[in-house]
Amino acid sequence: MTVRVRFAPSPTGNLHIGGARTALYNYIFAKSQGGKYILRIEDTDKERSTKEFEASQLDDMKWLGLVHDEGPGIGGEYGPYHQIERLDIYMKYALDLVEQGKAFYDFCSDEDLEQMSLKSKEEGTPPYTGKWKESSTWDEAKARVAAGEKAPIRFLVSDKDVSFKDHVRGDVKFPKGMVGDFVIMRTNGVPTYNFCNVIDDHLHKITHVIRGEDHVNNTLRQVLVYEAIGADMPEFAHVSLLIGEDRQKLSKRHGATSVKQYREQGYLPEALVNYLCLLGWSHPDEKDIFKIENLKDVFSLSRFSKSHAIYDIEKLKWMNGQHIKAMDVDELLTRTSPFMTNDFYNQQTDDWKKTFLELYKEKITLFPDFNEKMDELLNESVEMTEDLKDILSWETTPAIRDHIKAELEKVSSDYVDTDAFSEWMNFCKKELKIKGKPLFMGLRGVLTGQNHGPDLKVLIPLTPVNILKKRVASL
RNA sequence: GCUCCCAUCGUCUAGCCUGGCCUAGGACACCGCCUUUUCACGGCGGCAACAGGGGUUCGAAUCCCCUUGGGAGUACCA
């Protein structure tokens with residue numbers, strides 16, 4: 001049997017990193033099993049769902065490289081893949097359950113329901129105790145519906161223990177009587193999550209349901225629905241949740257929680273996905289930097305962690321840096337271009353850009369950091385720091401400065417070429433008899449006003465001569 | 001409240017199922033040293049954990065129970 005998994009987001013917001021992680025696990029599992037990864041849009045919450053959010057989530061998933069095999073924009077033999085377009089299917093199943101006496105119309109008022117839930121909490125009575133669950137009322141109920149009255153359909157929960165197997169948690173058991181007769185079809189004819197989710201997973205021939213631990217309790221209800229419609233159950237894997245540093249559910253106050261924010265900040269999708277993957281799952285060889293496409297042969301549902309993971313972006317930043325360092329220049333050139341805001345940079349030749357990117361890629365963690373490095377490179381004025389004063393006070397420095405100043409005046413092109421700069425250094429060594437730290441630090445201080453930075457032999461030929469002149473002049 | 005789930009360094013985790021190889025391994029962060037003109041990278045080293053208490057056993061991070069702590073659910077949201 002072919003493995004078929006799905007990610008089923010609600011388009012009620014931007015793609016959350018928690019959702020992205022769930023999508024990722026489904027995606028990798030499908031790939032590792034030679035199966036299919038299906039995307040289904042659960043848009044039954046008409047008030048909160050929007051096409052904009054849907055498009056945004058789709059776009060973010062594409063950015064992450066989590067492209068589905070079936071679903072919106074692609075199609076497939078089990079469509080449609082929007083729940084809002086499948087309403088008649090759910091209604092048919094619901095009506096069927098009503099006919100079989102496994103579900104019933106409920107005419108209780110809101111006040112009745114409120115009292116029931118109050119009583120349930122205080123006295124431990126079942127959550128739903130309305131009379132409409134009694135089969136003796138069903139003829140009347142059906143007659144009222146036939147006469148045009150509207151009513152939600154509730155699932156008649158059987159009074160028995162329920163259990164299911166979970167790849168992460170083992171056997172999960174629920175004692176009987178814990179769940180009330182829940183609504184499966186709202187008054188407006190739209191199904192609720194626990195119902196349509198099951199119908200779709202069944203119809204979409206989903207073999208493995210990988211989702212967040214927050215759905216464990218829902219699975220109880222869903223198991224009942226599977227049984228009622230006579231469907232085979234998929235295998236489950238409820239993955240632990242992501243929480244914030246304060247051990248609370250991840251929310252806005254924990255900083256960036258949507259994929260879009262990371263994308264805008266310049267994080268690499270492969271780094272984000274690498275990090276997210278390792279939050280609750282471990283590589284059998286304890287590898288920490290990898291591309292998810294290389295996980296096909298090693299991914300397994302048995303390596304999920306049962307406990308919650310605290311989301312901490314320090315390691316993500318490190319990973320992002322690692323992925324940048326591993327990138328070759330040509331890729332670096334094309335992929336950084338959307339982030340480079342510096343006009344000067346954008347006017348340079350590709351060779352110049354490549355040299356610049358190579359020079360600084362070891363030092364940054366995020367692409368936009370290159371812009372700050374550009375600012376440093378183009379900084380005309382010299383800030384008189386204590387360190388710089390120190391360098392300038394060395395007895396060797398004035399000679400270096402005078403020589404550099406004179407040489408700079410002779411340069412007619414926009415840049416000093418590498419050979420020329422080497423000659424300057426050689427002159428300082430041979431004629432001025434300066435070498436080692438006084439030479440390099442002296443040069444750096446005079447030419448950049450800094451006491452540290454990247455390799456001078458690359459940096460100086462990259463810096464416009466007029467800027468070098470201004471710096472030297474301001475000393 | 002009730003139900004379900006979880007518990008190894010500050011953080012992500014390996015080990016747990018199939019007790020001894022664990023004086024508990026790796027990674028991030030932090031500290032030190034080496035390399036380097038400097039910074040970064042890299043290399044080497046250090047700091048740092050089996051929540052607590054009972055069992056079972058010759059032996060427990062690993063199995064069982066309790067306590068404590070944390071999370072999730074408890075909607076005509078998903």
Side-chain angles (χ1 to χ4, degrees), chain A residues 8-13 19 42-49 83 106 110 113 117 120-122 124 127 150-154 166 168-170 172-175 177-180 182-194 196-197 211-221 238 240-243 245 247-249 275 278-289 302-303 305-319 321-322 325 359-365 387 391 425 435-445 448 450-457:
Chain A
S10 293
T12 55
E42 306 218 327
D43 49 2
T44 54
D45 185 344
K46 289 178 177 172
E47 277 74 48
R48 298 194 300 146
S49 300
Q83 290 190 324
D106 178 33
D110 289 347
L113 260 17
S117 102
S120 168
K121 272 172 188 153
E122 283 170 5
K150 301 285 183 201
I153 298 175
R154 283 181 186 272
D166 190 280
V168 181
R169 311 197 177 261
V172 182
K173 298 182 177 72
F174 296 96
M178 281 326 303
V179 53
F182 55 94
V183 170
I184 55 175
M185 281 303 231
R186 300 180 176 95
T187 312
N188 64 4
V190 177
T192 58
Y193 167 75
N194 281 309
C196 54
N197 188 268
R211 68 203 343 176
E213 194 195 352
D214 49 341
H215 289 291
V216 170
N217 286 272
N218 287 324
T219 308
L220 156 64
R221 294 177 184 76
H238 286 95
S240 59
L241 263 23
L242 257 33
I243 57 178
E245 299 111 287
R247 297 180 177 280
Q248 301 291 302
K249 192 173 177 176
Y275 177 66
L278 252 14
L279 238 35
W281 184 83
S282 61
H283 193 288
D285 301 329
E286 295 198 50
K287 281 201 176 123
D288 44 20
I289 302 291
S302 64
R303 296 198 65 82
S305 157
K306 292 179 183 180
S307 49
H308 300 158
I310 295 178
Y311 184 81
D312 167 40
I313 65 167
E314 281 307 314
K315 200 162 185 173
L316 169 60
K317 285 183 179 165
W318 170 75
M319 279 189 178
Q322 293 295 313
K325 286 178 190 76
L359 184 63
Y360 282 105
K361 77 170 184 181
E362 303 288 315
K363 301 183 189 303
I364 62 154
T365 51
D387 289 326
I391 292 170
M425 284 203 293
K435 57 182 177 178
K437 192 173 175 181
L439 199 222
F440 286 99
M441 288 300 276
L443 277 171
R444 185 180 295 285
T448 70
Q450 301 285 318
N451 64 332
H452 60 79
D455 188 2
L456 282 176
K457 286 206 246 352

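Residue numbers begin at 1 in each chain, while the letters A, B, ... track the order of the sequences.
A:S120 comes within contact range of no nucleotide atom at all, as no heavy-atom separation falls under 4.0 Å. Within the 4.0 angstrom heavy-atom criterion, no nucleotide atom of any strand lies near A:R211. Residue A:I310 is in sugar-phosphate contact alone, with no base atom involved, counting any heavy-atom pair closer than 4.0 Å across all strands shown. Note on A:K325: only backbone sugar-phosphate atoms sit closer than 4.0 angstrom, heavy atoms only; bases stay farther off. As judged by a 4.0 angstrom heavy-atom cut-off over every strand, A:H238 is placed among residues making no nucleic acid contact. Residue A:D455 is classed as a base contact, given a heavy-atom separation below 4.0 Å to a base. When heavy atoms are screened at a 4.0 angstrom cut-off, A:N218 is found touching base atoms of the nucleic acid. Counting any heavy atom pair closer than 4.0 Å across all strands shown, A:G280 reaches sugar-phosphate atoms only and no base atom. At the heavy-atom level, A:E286 lies under 4.0 Å from base atoms of the strands shown. In this structure, A:Q83 reaches neither bases nor backbone, as no heavy-atom distance under 4.0 Å exists between it and the strands shown. Using a 4.0 Å heavy-atom cutoff across all strands shown, A:R48 reaches at least one base atom of the nucleic acid. Looking at heavy-atom distances under 4.0 Å, A:L456 makes contact with a base. Contacts of A:L439 with the nucleic acid, taken as non-hydrogen atoms under 4.0 Å apart, are absent.
An OP1 or OP2 oxygen of B:U38 is reached within less than 4.0 angstrom by no side-chain nitrogen or oxygen of A:Q450. For A:K249, a side-chain nitrogen or oxygen approaches OP1 or OP2 of B:G73 to under 4.0 Å. Contact check, A:T192 against B:A75: no side-chain N or O comes under 4.0 Å of OP1 or OP2. In terms of phosphate contacts, A:S282 brings a side-chain nitrogen or oxygen within less than 4.0 Å of OP1 or OP2 of B:A14.
Formation of a donor-acceptor pair under 3.5 Å by the A:D43 side chain with backbone atoms of A:Q83 is found in this model. A donor-acceptor pair under 3.5 Å is absent between the side-chain atoms of A:R221 and the main chain of A:G180, judged by distance alone.
Using the Watson-Crick or G-U wobble rule with both distances under 3.5 Å, B:G73 pairs with B:C2. With a cut-off of 3.5 Å on both pairing distances, the Watson-Crick or G-U wobble partner of B:A7 is B:U68. Within the shown strands, nothing qualifies as a pairing partner of B:G19 under the Watson-Crick or G-U definition with both distances less than 3.5 Å. Pair check for B:A14 finds none; no Watson-Crick or G-U wobble contact set falls under 3.5 Å. In a base pair of the Watson-Crick type (N1 to N3 plus N6-O4 or O6-N4) or a G-U wobble (N1-O2 and O6-N3), with each distance short of 3.5 Å, B:G59 is matched with no nucleotide. Across all strands shown, the partner of B:C30 is B:G46, judged by Watson-Crick or G-U wobble contacts whose two distances both fall under 3.5 Å.
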Listed pairs, N/O of protein and of nucleotides 2-10 of chain B, under 3.5 Å:
| unit_1 | atom_1 | unit_2 | atom_2 | d |
| --- | --- | --- | --- | --- |
| B:C5 | O2' | A:R169 | NH1 | 2.6 |
| B:C5 | O2' | A:E213 | OE2 | 2.9 |

Between the protein and nucleotides 45-48 of chain B, which nitrogen or oxygen pairs come in under 3.5 angstrom?
none

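Among B:A14, B:C28, B:C12, the nucleotide with an atom closest to any side-chain atom of A:W318 is B:C28. The side chain of A:E362 has B:A40 as its nearest neighbour among B:C76, B:U38, B:A40. The A:K363 side chain lies nearest to B:C39 when the options are B:A14, B:C39, B:U37. If you check B:U74, B:G42, B:G70 against the side chain of A:R221, the one that comes closest is B:U74. For A:K121, counting side-chain heavy atoms from C-beta on, the closest listed nucleotide (B:A40, B:G1, B:C12) is B:G1.
As a whole-Å value, the separation of A:H283 NE2 from B:A14 C1' is 13 Å. When rounded to the nearest whole Å, the span between NZ of A:K287 and C1' of B:A14 equals 15 Å. Straight-line distance from the OH atom of A:Y193 to the C1' atom of B:G73: 12 Å, rounded to whole Å. If you take CG of A:D288 and P of B:C28, they are 7 Å apart, rounded to a whole angstrom. Rounded to whole angstrom, the span from the CG atom of A:L359 across to the P atom of B:A40 amounts to 15 Å. Rounded to whole angstrom, the span from the CD atom of A:E47 across to the C1' atom of B:A75 amounts to 13 Å. Distance OH (A:Y311) to P (B:C28): 18 Å, rounded to an integer number of Å.
Separation of the C1' atoms belonging to B:U8 and B:A61 is 7 Å when rounded to the nearest angstrom. Distance noted for atom P between B:A40 and B:C31: 11 Å (whole Å). Only the C1' atoms considered, B:C50 is 10 Å distant from B:U62, to the nearest whole Å. Comparing B:G69 with B:U23, their C1' atoms sit 29 Å apart, to the nearest whole Å. To the nearest whole angstrom, the two P atoms, one in B:U18 and one in B:C76, are 43 Å apart. One P atom belongs to B:C4, the other to B:A49, and the distance between them is 34 Å to the nearest Å. A gap of 15 Å separates the P atoms of B:C17 and B:C65, to the nearest Å. B:G55 and B:U13: their P atoms are spaced 33 Å apart (whole Å).
A:S10 and A:R48 share no donor-acceptor pair across their side chains, judged by distance under 3.5 Å alone.
Put simply, the side chain of A:L241 does not reach to within 4.5 Å of the side chain of A:K249, judged on heavy atoms.
In this structure, CG on A:N188 lies 9.5 Å from NZ on A:K150, to the nearest 0.5 angstrom. One finds the NE2 atom of A:H452 at 9.0 Å from the CE atom of A:M441 (value rounded to the nearest 0.5 Å). Considering CD1 of A:I310 and CD1 of A:I243, their distance stands at 5.0 Å, rounded to 0.5 Å. In this structure, CZ on A:R444 lies 8.5 Å from CG on A:N451, to the nearest 0.5 angstrom. The distance from atom CG of A:D312 to atom CG of A:L242, rounded to the nearest 0.5 Å, is 11.0 Å. The CG atom of A:L456 lies 11.5 Å from the CD atom of A:Q450; values are rounded to the nearest 0.5 Å.
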What verdict does the side chain to side chain contact (heavy atoms under 4.5 Å, CB included) test give for A:N217 and A:M178, after you've listed the backbone C-alpha separation in whole Å, the side-chain angles of each residue and the deciding distance to 0.1 Å? CA-CA 10 Å; A:N217 286 272; A:M178 281 326 303; over 6 Å; no
Walk me through it: do A:M319 and A:L278 pass the test side chain to side chain contact (heavy atoms under 4.5 Å, CB included)? CA-CA 11 Å; A:M319 279 189 178; A:L278 252 14; 3.8 Å; yes
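The nearest pair of heavy atoms linking A:D166 to A:H238 is OD2-ND1, 2.6 Å.
Shown here are the side-chain hydrogen bond (donor to acceptor under 3.5 Å, both in side chains) partners of A:H215, two or more places apart in sequence or in another chain: A:Y193, A:N218.
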